[in-house]
Amino acid sequence: MWKDYSKSYIKNNHATSISIMAAAFVAAMFLSLLCSIAYNFWAYDVEQTILEEGGWQGRIVCEALSSDDLSMVCQFANVEKAVINKELSQKEKIVADVYLKNARTIYRDMPLIATQLGLNEDSIQYNSLLLSRYFIHDPEDATPPMLLTLYAVILIIAAVSLILIIRGSFELSMNARIHQFGIFSSIGATPKQIRTCLLQEAMALSILPMLIGSMSGILISYGVIKAVNFFASDVSGRHEAVFQYHPSIFAATVFISFLTVIFSAWIPARKLSRMTPLEAIRNISGLLLKKKKHSRFLSCIFGMKGELAGNALKAQKKHLRISTLSLLLSFLGFSIMICFTALADISTRYTYFERYQDVWDIMVTLKDTKISDFGLTDDLQDISGIKDATVYQKAKALTFLPEGLQSDELSSLGGFESVSGTPNENGQFQVSAPIVVLDDRGFLNFCSQIGITPSLDGAIVLNQIWDSINSNFRYKEYVPFVREDNQKTILYKNDKTVEIPVLSYTQKSPALREEYDNYALVHFIPLSMWNKTLGEVCEAESDSYIRIFSNGTANLTDLNTLEQEIVRLVSKQYETTSENRVQERLSNDSLIQGMVMILGAFCVLLAMIGIANVFSNTLGFLRQRKREFAQYMSIGLTPQEMRKMFCIEAFVIAGKPLLITLPLTVLFVQFAVTASYLDPMVFWSEAPILPILIFAAAIVLFVALAYYIGGKRLLQCDLNETLRNDALI
């Protein structure tokens, strides 16, 4: 009997059935998309870690490791293989990479291996980054990474949100049948039978949409990965992401979707089944209008029709809560996201691309190469298309300055104490003194640029410090750091000192793509002096750099060709990475565009959930609204006035999220612009107003469409007939 009743109800109530099927489809699609993207991001992170760190799980580092020792390691039951790392091994140090069959026992197995080899635990290392990606953590670590927990929390929040959304569709369907189930209950139907009937209907309507939604989520995630690859194709150091999927992810998605639908249907079914037969039979299946509350705003603008529309919206407030929240969050998220990306683009352009566009065209990084070991400087100058090439390396050092050496401008701002704290026992202040080692040709050119006699017998000191009191980081102003009457400087590092002459002080830095410390005394020295006096004292970074200017107007084709020729020359002897200014700008623009599209797609998906809820609410309340408008017609309300009521309701539902979002977005933009010290007019002249208006117009259009369809179907019915008692089917 119940099976036949359910089939008959589904067959004769297409609107309600479609509403439930659409809600189940959206829920499954969203969950599938979330699970698939999370899995692909995790898989990509694992691949990137293996490429950068290697696929080993454990590592043995010792002075000597024989082939017999290596064989003994391989004899451990959980060891898959153990190999010597030839790149890291040296005469005084042997490094062996260990690969385990089951990495989850690594923190127990590796100490046993070390003990068997007669080594202490300091001789073993763990690939902690890779292990953490597999959610394997050191048991002694009090604060392990919480990536898995984060994924689980996000999934639970998404499932709970979807339960609340889908619950509305089921509740609308079930509330429309309270009178019918009251009759069934009065003739002997038990609450359990009613719940079972409703849950069977829910599953019959939801199984196919859940499967289709899960497959749709997979296809959308595939498109997201392709979009990420497209927009990030020019990003250096990034490997292409390959879409991956596992059957267990599909099983988990379908299972979670199943639970979501069950809970969504069970909540209203339980509520309905607990009603007494008398309560159910007396229920008129209509909107409970709030007679004591008035919609003053709507009534002032639209009169009686506004009052009636506001009263109907208050009666539907509970059911419209999810759609209002979804539309609000989607529009707010989209507005803030697109304003933030626009602000980030402006900031990057001002502080990086436009600031350094005149100091470099191509940058080449020489991996693990000292500047003194680079011997292709003259060969670079012979390449056609290069106007200037400077090779440089950075180093760290300190200097101690007496208080009397500070400039008058710095004294007025607080002196050395505001920069380096209290002086030492000798009354001197420790100041950072970074060193930039230029090749001799580049150093001599720098001497000519600042107007001094070219010489390789001293250093040039960048004598400036950021005036953080009278300027901000966006528009920095500088004052002299020290007096310029000191003709020598003493540099310290690792308890070693060296004294070098100062050729000149300047507030102009060489044309390098470098950001210097705000409170440091930067020293530029020639390569010949570095090799002669400083190389054994100061600590140099492992990499060196080549800054290149091209001839003529820089365009992408010419720079790409020139970059390839330079890399072809240099990479024969050195490990290199390279980039050019135009391609870097295009890659940045592509990344921002991709981020906008991907995040925008999620905002659109969230808006779709809200709009689907509006459609569900509008079409699902058809039976209740028939009775409502039949009553209005009995007191003289015309169909045209009913249409106006629908327009007012659609205006309120779509307009409320927009009116709340716009001031919040303006406040966010104002806060972000102020925090970044950017001229507000610079942002507002490039503000993404058009995309925001298009997104808002789309929300209004779809909400209006939902009410248009619902109103049209309602007014086409025989409203007088609805004043009679409900039929069972």
Side-chain angles (χ1 to χ4, degrees), residues 3 6-7 10 16-44 46 134-135 147-171 173-174 195-226 241-270 322 326 598 601-602 604-606 608-610 612-613 615-616:
K3 185 176 182 181
S6 296
K7 288 182 178 179
I10 293 173
T16 303
S17 300
I18 292 174
S19 172
I20 293 174
M21 294 171 69
F25 170 81
V26 171
M29 181 184 67
F30 189 79
L31 287 172
S32 177
L33 176 62
L34 183 65
C35 293
S36 180
I37 288 181
Y39 177 76
N40 275 274
F41 282 179
W42 170 81
Y44 180 84
V46 170
Y134 289 104
F135 315 113
L147 185 61
L148 179 60
T149 304
L150 178 62
Y151 283 164
V153 169
I154 292 175
L155 190 59
I156 291 173
I157 292 175
V160 171
S161 302
L162 292 170
I163 287 173
L164 296 176
I165 293 170
I166 304 174
R167 170 182 172 272
S169 298
F170 288 113
E171 190 171 24
S173 171
M174 296 175 185
R195 286 197 301 269
T196 303
C197 174
L198 294 173
L199 292 177
Q200 286 176 347
E201 288 181 15
M203 292 311 303
L205 291 171
S206 302
I207 288 178
L208 184 59
M210 282 193 300
L211 294 176
I212 297 175
S214 298
M215 298 300 296
S216 300
I218 296 172
L219 293 176
I220 295 174
S221 64
Y222 175 80
V224 170
I225 299 302
K226 288 295 183 183
V242 179
F243 178 77
Q244 302 182 52
Y245 202 76
H246 195 276
S248 61
I249 302 299
F250 182 78
T253 301
V254 173
F255 178 70
I256 296 173
S257 301
F258 173 81
L259 292 181
T260 301
V261 170
I262 287 294
F263 276 109
S264 301
W266 183 80
I267 294 172
R270 180 174 177 269
I322 297 299
S326 298
I598 294 172
F602 279 102
V604 169
L605 182 61
L606 191 60
M608 287 174 58
I609 294 175
N613 192 260
F615 272 90
S616 173

Straight-line distance of [X] [atom1] to [Y] [atom2], nearest 0.5 Å:
X    : Y    : atom1 : atom2 : answer
I218 : I249 : CD1   : CD1   : 10.0 Å
S216 : L211 : OG    : CG    : 10.5 Å
W42  : Q244 : CH2   : CD    : 8.5 Å
L219 : L33  : CG    : CG    : 10.5 Å
I220 : L34  : CD1   : CG    : 12.5 Å

Would you say the side chain of [Y] lies within less than 4.5 Å of the side chain of [X], judging by non-hydrogen atoms?
X    : Y    : value
I225 : Y44  : no
M203 : F258 : yes
F25  : M210 : no
M215 : I212 : no

Specify whether H246 and Y39 have parallel, tilted or perpendicular ring planes, treating 30° as the upper limit for parallel and 60° as the lower limit for perpendicular.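 Judged by the thresholds at 30° and 60°, the geometry between H246 and Y39 is tilted.
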
Among residues at least two apart in sequence or on other chains, which ones pass ring pair (Phe, Tyr, Trp, His ring centres under 6.0 Å) with F255? none

Which residues satisfy the ring pair (Phe, Tyr, Trp, His ring centres under 6.0 Å) test with Y222, sequence neighbours excluded?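 Partners of Y222 under the ring pair (Phe, Tyr, Trp, His ring centres under 6.0 Å) test: F243.
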
Heavy-atom nearest pair, N40 first then V242, reads OD1-O, 3.8 Å

Check: S32/S214 side-chain N/O donor and acceptor closer than 3.5 Å: no

Per the ring pair (Phe, Tyr, Trp, His ring centres under 6.0 Å) rule, what does the pair list look like for residues 196-220, sequence neighbours excluded? none

